[in-house]
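In what follows, a structure is listed as structure tokens, so that the remarks can point back to it.
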Amino acid sequence: MRCRTGLAAAGAVAALAWGEWVNRRWSRALVANGGGAAAAVVVLGYKNPRATANFVNRWRVRAGIRSIGTAAEHETCVIFSGGAVGSSVPEARLMAGYARSVLGFEGRVLLEERSATTWENIANVLPLLESADRIKIVSQPAHALKARAYLRRQRPDLAERLVRAEDYRPGEWLIVKPLLALHGVWTLRGLTADERKPPRRTAG
């Protein structure tokens, strides 16, 4: 019994460690260390069947706002992207309402309210990204990586401006990270090996 308990505990620890590692890896893929004052933070919506932002969308809004950083807050635009998929109210509008009324966010906000898929999220925000020096895409790590890959496919020139968002933090979502990782493996099956890899660090 003790041996089985130990094996179960070791398996649980291994699953948590794997979930943490793979989500961290995804959060660092297809990003660079670009500079420039003007930044765009794109927060991707999640299917929302109610008239208020659900748990996932609330978390994504918080992750989007913390991705702004303090130094260049006045130069950053937050773009909420998502159409009326789960209800009659666009996801973008629900997220913006949560940011304003609950979190008290007073920064610059733009809404993209037509998208029903991740590919459309990226295609429809392209005109809003043209003037950005740095682009951050916010969602769960696997979903955000998928969106960055789509930006790379649709507009390679804009993809060169991608930088890391603050949608991955060690220990956050810890218990469910193995499940998120398993779902991410399925979600990212259409990406190439090159699109999945974090950039190599150069000595210097």
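Positions are given from 1 along the sequence.
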Check: Taking NZ, NE, NH1 and NH2 as the nitrogens, is one of them in R155 or E130 under 4.0 Å from a carboxylate oxygen of the other?
Finding: yes
Can you give me the closest heavy-atom contact between [X] and [Y], atom names plus distance?
| X | Y | answer |
| --- | --- | --- |
| A116 | V85 | CA-CG2, 3.9 Å |
| P90 | G82 | CB-O, 3.6 Å |
| A63 | S67 | O-OG, 2.7 Å |
| R58 | Y98 | CD-CE1, 3.4 Å |
| G184 | A142 | CA-CB, 3.6 Å |
| A96 | V109 | CB-CG1, 4.3 Å |

Item checked: For R93, salt bridge (Lys or Arg N to Asp or Glu O under 4.0 Å) partners two or more places apart -> E113
Next item on the list: Would you list the pairs meeting ring pair (Phe, Tyr, Trp, His ring centres under 6.0 Å) in which at least one residue belongs to residues 157-177, sequence neighbours left out?
Entry: F55-W173, W59-W173
In a table with atom names and distances, give each donor-acceptor pair under 3.5 Å that connects a side chain of residues 29-49 to protein atoms at least two apart or in another chain.
unit_1, atom_1, unit_2, atom_2, d
N48, OD1, N54, N, 2.8
N48, OD1, N54, ND2, 3.4
N48, OD1, N57, ND2, 2.9
N48, ND2, R50, O, 3.1
N48, ND2, T52, O, 2.8

Note to self: Closer than 3.5 angstrom, by distance alone: can the side chain of R66 be matched with the main-chain N or O of E166 as a donor-acceptor pair?
What the structure shows: yes
Rounded to the nearest 0.5 Å, how far apart are [atom1] of [X] and [atom2] of [Y]?
| X | Y | atom1 | atom2 | answer |
| --- | --- | --- | --- | --- |
| N121 | F80 | CG | CZ | 13.5 Å |
| E112 | N124 | CD | CG | 4.5 Å |
| I135 | E160 | CD1 | CD | 10.5 Å |
| R148 | E195 | CZ | CD | 11.0 Å |
| I122 | K146 | CD1 | NZ | 11.0 Å |
| T76 | I68 | OG1 | CD1 | 6.0 Å |

Item checked: Residue R164 excluded, over 12 heavy atoms near CZ under 6.0 Å -> yes
Notebook entry, point to check: Between L180, N23, V22, which is the residue that forms a side-chain contact (heavy atoms from CB on, under 4.5 Å) with P141?
Noted result: N23
Next item on the list: Start with the C-alpha gap between H143 and R60, add the side-chain angles, then the distance that decides, and say whether side-chain contact (heavy atoms from CB on, under 4.5 Å) holds.
Entry: CA-CA 11 Å; H143 187 217; R60 291 185 185 182; 3.8 Å; yes
Checklist line | salt bridge (charged side-chain N to carboxylate O under 4.0 Å, His left out) contacts in which one or both residues fall within residues 33-45, not counting sequence neighbours | finding: none
Margin query: If you apply the rule side-chain contact (heavy atoms from CB on, under 4.5 Å), what do you find for I137 with L145, and how did you get there?
Written below: CA-CA 8 Å; I137 298 179; L145 171 55; over 6 Å; no
Next item on the list: State whether a side-chain donor-acceptor pair under 3.5 Å links E120 with S115.
Entry: no
Please check if [X] and [Y] belong to a single hydrophobic cluster, counting links between Ile, Leu, Val, Met, Phe, Trp and Tyr side chain heavy atoms closer than 4.5 Å.
| X | Y | result |
| --- | --- | --- |
| W18 | V176 | no |
| V56 | L103 | no |
| L151 | W119 | yes |

Margin query: With a 4.5 Å cut-off on side-chain heavy atoms, are V61 and V138 touching?
Written below: no
Next item on the list: Applying side-chain contact (heavy atoms from CB on, under 4.5 Å), run through R161 and L129 and close with a yes or a no.
Entry: CA-CA 10 Å; R161 308 178 198 176; L129 302 178; over 6 Å; no
Next item on the list: Not counting sequence neighbours, list each pair that qualifies as a side chain to side chain donor-acceptor pair (under 3.5 Å) and has a residue in residues 175-191.
Entry: E20-K177, H183-T187
Notebook entry, point to check: Does L94 sit in a hydrophobic cluster with other residues, and if so which ones, taking ILVMFWY side chains as linked at heavy-atom separations under 4.5 Å, directly or through other members?
Noted result: V89
